[in-house]
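Everything numeric in this text was worked out from a predicted model, so none of it was measured. No hydrogens, no waters, no symmetry mates; every other heavy atom, side chains included, goes into these values. Every chain is numbered from 1 and lettered A, B, ... according to where its sequence line falls, protein lines coming before strand lines.
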Number of protein chains: 4
Amino acid sequence: MSEHVRPRSRIQQKNRQIILDAALREFAARGFAGTTIDQISEAARLSKPNVLYYFASKEAIYSQLLETLLDLWLAPLHIMDPAGEPKEQILAYMHSKLALSRDFPQESRLFANEILQGAPRLEAILGGLRALVEEKAAVIAQWMEEGRIARVDPHHLIISIWALTQHYADFEIQIARFSAPIARLSTKRAPF
Amino acid sequence: MSEHVRPRSRIQQKNRQIILDAALREFAARGFAGTTIDQISEAARLSKPNVLYYFASKEAIYSQLLETLLDLWLAPLHIMDPAGEPKEQILAYMHSKLALSRDFPQESRLFANEILQGAPRLEAILGGLRALVEEKAAVIAQWMEEGRIARVDPHHLIISIWALTQHYADFEIQIARFSAPIARLSTKRAPF
Amino acid sequence: MSEHVRPRSRIQQKNRQIILDAALREFAARGFAGTTIDQISEAARLSKPNVLYYFASKEAIYSQLLETLLDLWLAPLHIMDPAGEPKEQILAYMHSKLALSRDFPQESRLFANEILQGAPRLEAILGGLRALVEEKAAVIAQWMEEGRIARVDPHHLIISIWALTQHYADFEIQIARFSAPIARLSTKRAPF
Amino acid sequence: MSEHVRPRSRIQQKNRQIILDAALREFAARGFAGTTIDQISEAARLSKPNVLYYFASKEAIYSQLLETLLDLWLAPLHIMDPAGEPKEQILAYMHSKLALSRDFPQESRLFANEILQGAPRLEAILGGLRALVEEKAAVIAQWMEEGRIARVDPHHLIISIWALTQHYADFEIQIARFSAPIARLSTKRAPF
DNA sequence: TATGAATGAGTTTTCATTCAT
DNA sequence: GATGAATGAAAACTCATTCAT
């Protein structure tokens, strides 16, 4: 990832970050195609050419964002410990993922947007994602082998949790619209 | 909105439908901003001015699509019968919603896209949605009052099911990418 | 070349030609990079988007121009008849080429410009050129074999004539500048 | 123009030369408009502002280049000696000019490029050129008067040689393309 | 001297929409 | 109804040049 990044000056670092922050807000709000460099540059309070001085193109900003975001987004999966108690571990993953979606709704939305478009710019990066998921699916499968949890498709389980948790952020507005009083996320137990 | 629809000729009807079908494919694939009228007209095999003869603008096509789609999308909620067995009814809703997401992935994606952008064009329409959700939330709340199902936030429950089921279609690619062999959707029971 | 060109309307044909004519003037005067679409559209008295309605890009206009021009530019070589008298044939080629450079100075300049830049967009097209040159070089070589003309490198001969004749057009200004009274092109005989 | 050149430090001199060398390569390859300061500064391995520290503008670099180049380019004409044998003198000029075009192909191309564009920046400088040409044309005319060489337009003769020789460099690529095995330049004798 | 940072003024291109037939 | 032609407005860059240090 950071194999050979040439050093950047203080101000370089700072402005790049300002741009990425602004771009995240804008891309998360209106997607890649719906966002203009003008909007980003205005949000970053930099001139448009200056934004393009730091990033070669709109695509470059977006890709950089995705790449940066991916590490963060995979983090919760790392939590699951094969040596731990299955139920505990899975709940830990869920909580972690929930917290992530709750705390980083924009990142979540950016990711959701990209996936919805068919992940045109995420192809390469997703390879690493798959490996990690397979690893954790194997852990779950092992638990099933040992009879420690009921048998379901491990991938299914991971994805269900992913989907459920991510949705709280991605579909924030949708949710807000038809359920004013959502108190706190509680995963205490299934309703039946 | 559609209070006073002037009558349309056979060919009118047909071409409008062709355009909407084409637009659904395109919008679902790349969102509103990412789709051009050119792409729609090409997909519809009609000339661009002709597309705009049937619909006043790109927005008009999109809005029409959303409006048409909404009825379909709310349908599963209607299934829940207050007089029925709660568990049965809820599972019926889930199955119905799952089937919908599975059978209409493009519609699902269109909807997801719109929601992700903050539903800028869905404001008006969503009023009806909320009413229906409230109605069904009340049904679930009633079941809880009667001690027939465990207590959780009813809105939560509805949304969780919505989110979980919709995700199978919306995030089709994401899912396909890290779990090649997803057999069949099975909601038999929780893993633990 | 014209294997499968879709038919164009009258006005299409006309405007395409107007654009190509204008572009020839502009490109010949200032080269590819030195010419803007604005200049072309102004010279063609068409709006800029309209120019791009007929040609996909500035490159497309330029390439079309080169391709169209090439046939014209190769024509003189066709003149050389293997069965004729060598000296006569070669002089015929020279006269033909001279006339071409004289009568089509802009085309000549366009071509010269492209070649000077290293023919970046002529690669493919030049294949055909080489074949024709080889054919005529063979004719000349044959004449040499038969002892009908002195031995020199046939390619050399062709190129020398090409260069000499083309220069009268390409370097028109240069020539005009230091020799006011160039009477008429006369290739009567060598000065010594 | 260069009446009052302020003294430059060693490093000044050196960097100016580095820039001019780089600029020559770039301008010769893609012409004035087709070349960016970025390309020049990269080729010179200097920062862009530093390049503009040594030369006021892109134009300034280019003009300086032309001016420097002109002396070199006129040199061959000086060779022709009115007192010498006409044929010998003319051949000496040809050889000299040929050698120049062969040995300085980039300079040759730069000049050709400028001339092709109508010599917009060479106006002033060309005055001197004309004078020299006139002088040598007079020499040739004198030879004709004396019956020492056949009568042709002297300007013509000079230009023909100029054109023919320069072309070997300017149109290097064109030539290379349709005559792979050009051995050596031989001006031994006319083919007929 | 030297250069990272910044930008105004273009330049190419895109695209929703309109015109004319 | 249908479509080829046309365009204004915007969007994504590009680039010579300047600023600040």
TODO: To the nearest Å, give me how far apart CD (Gln13(A)) and P (dA5(E)) are.
DONE: 10 Å
Open item on the list: With a 4.0 Å cutoff (strictly under), does any side-chain N or O of Tyr53(B) reach OP1 or OP2 of dA2(F)?
Closed with: no
Task: DNA chain E: 5'-proximal contact among Leu46(A) and Arg45(D) (nearest heavy atom) - done: Arg45(D)
TODO: Both distances under 3.5 Å, Watson-Crick or G-U wobble: report the partner of dT11(E), or none.
DONE: dA12(F)
TODO: To the nearest Å, give me how far apart CZ (Arg16(B)) and C1' (dG1(F)) are.
DONE: 14 Å
Open item on the list: At less than 4.0 Å, is any side-chain N or O atom of Tyr54(C) found next to OP1 or OP2 of dG4(F)? Yes or no.
Closed with: no
TODO: Could you please name the partner base of dT17(E), counting Watson-Crick and G-U wobble pairs only when both distances are under 3.5 Å?
DONE: dA6(F)
Open item on the list: Distance check needed: dT3(E) C1' versus Ile11(A) CD1, whole Å only.
Closed with: 13 Å
Open item on the list: Generate the contact string for nucleotides 11-21 of chain E. Rules: B means base contact, S means sugar-phosphate contact only, - means no protein heavy atom under 4.0 Å.
Closed with: -BBBSBBB---
Open item on the list: Let's see if you can work this out: which of dA5(E), dA2(E), dA5(F) has an atom nearest to the side-chain heavy atoms of Ser47(D)?
Closed with: dA2(E)
Open item on the list: Quiz question: by atom type and distance under 3.5 Å, do the side chains of Gln64(B) and Thr68(B) form a donor-acceptor pair?
Closed with: yes
Open item on the list: Does dT3(E) have OP1 or OP2 under 4.0 Å away from a side-chain N or O of Asn50(D)?
Closed with: yes
TODO: Check whether any side-chain nitrogen or oxygen of Gln12(C) sits under 4.0 Å from OP1 or OP2 of dA5(F), and answer yes or no.
DONE: yes
- [ ] Supply the atom-to-atom distance Leu72(D) CG to Phe111(D) CZ, rounded to the nearest 0.5 angstrom.
- [x] 10.5 Å
